[in-house]
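Below is one structure, written out as structure tokens; the observations come after it.
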Number of protein chains: 2
Amino acid sequence: MLSKNLTAASTRPIILGVLKQGRSYGYLIIKKIKDMSGGKMEWSDGMIYPVLHKLEKEGLIVSDWVMSKDKRPRKYYEITEKGKLELQAEQEQWSQVTAVLDMVWKGQIPKILPDAEV
Amino acid sequence: MLSKNLTAASTRPIILGVLKQGRSYGYLIIKKIKDMSGGKMEWSDGMIYPVLHKLEKEGLIVSDWVMSKDKRPRKYYEITEKGKLELQAEQEQWSQVTAVLDMVWKGQIPKILPDAEV
DNA sequence: CCGTTATACCTTGTACTGCAATGTATATCG
DNA sequence: CGATATACATTGCAGTACAAGGTATAACGG
């Protein structure tokens, strides 16, 4: 079970990443993410759809309805150029944070002392 | 500049990690994190102290006042056993998310198709 | 001596937000 | 026919991040 903040922080880049690979729809995105995480990440409807809506509102993805072979309407999403740029920026940010966290996991904390003890 | 969510998500493991390496105080923790991130992460007072207070309230760290050599009072924080367990759990969660994100960065998204197209 | 900077910690209002829960709809399966 | 799976939508509100403003004092340069 991931913390709320970590889930929130990773939702956007993951969705954008999945859509960069190919257009998809909500229900399937949830399945892919479950698969990619070995079942550890189980997003719900209430989680993913508000995020998809917001991404679309921000112009990072676009959507259109398609009638599937079994007559169900599906809302397909596709990443935009702006969305790809945003994904790039997300990757850079995650890289920064991950670099610091790697130091933390490895116990490589700089030995900075208070001025009065230099 | 990190997103709000990413900053929020990484604050606790970073602080716990710094304190696992050795007891420290707020002002110095901020300096260490700035150093570890090459200047990219600049936390403010208003950010770190409420988090330190919450961590203490949850029993993950403890604190005590020490008078420094230049007569300034400093509030030193130290991680507890419980805090070390929490840090371990954080590392596992970050590992899970990072594994999924690595797939995203590498474009390794599973090709799962809707049932009607299998 | 004074203004500035650095060293330290504290508090809080409030704008923002995540998402469980609930809802609608329908195909498939046993 | 009931249960499950396939799909998308909406929202109330509990929770929360942290900038801004505050207090205090040492050190430094002009």
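Below, chains carry the letters A, B, ... as their sequence lines are ordered, and counting in each starts from 1. Side chains are part of it too, since the values below use all heavy atoms of this structure and drop only hydrogens, waters and symmetry mates.
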Whole-Å distance separating the CG atom of B:Leu52 from the P atom of C:dA8:
15 Å

Interface residues of residues 93-100 of chain B with DNA chain C (non-hydrogen, below 4.0 angstrom):
none

Rounded to whole angstrom units, what separation is found between the NZ atom of B:Lys54 and the P atom of C:dC10?
17 Å

Nearest-Å distance for atom pair CD1/P, residues B:Ile48 and D:dC18
12 Å

Report the relative orientation of the aromatic rings in B:Tyr76 and B:Tyr25; use parallel for angles under 30°, tilted for 30 to 60°, perpendicular for over 60°.
perpendicular

Nearest heavy atom decides the nucleotide; on that basis, is A:Arg72 or A:Thr11 closer to the 5' end of DNA chain C?
A:Thr11

Atom CG of A:Leu2 and atom P of C:dA20 are separated, to the nearest Å, by 12 Å

A:Arg12 and A:Glu58, any side-chain heavy atoms less than 4.5 Å apart
yes

Length of the line joining A:Tyr76:OH and D:dC8:C1', which is rounded to integer Å
14 Å

Distance, nearest 0.5 Å, that separates CD of A:Gln91 from OG1 of A:Thr98
10.0 Å

Figure out the CZ/C1' separation between B:Arg74 and C:dC10, and round it to whole Å.
17 Å

Let me know the distance between CG of A:Leu6 and C1' of C:dG18, rounded to the nearest Å.
14 Å

Contacts to DNA chain C from residues 59-67 of chain A, heavy-atom cutoff under 4.0 Å, which residues?
none

Provide, to the nearest angstrom, the distance between the NE2 atom belonging to A:His53 and the P atom belonging to D:dT11.
11 Å

Where along residues 24-45 of chain B does a heavy atom come under 4.0 Å from DNA chain C, residue by residue in number order?
B:Tyr25, B:Gly26, B:Tyr27, B:Lys31, B:Asp45

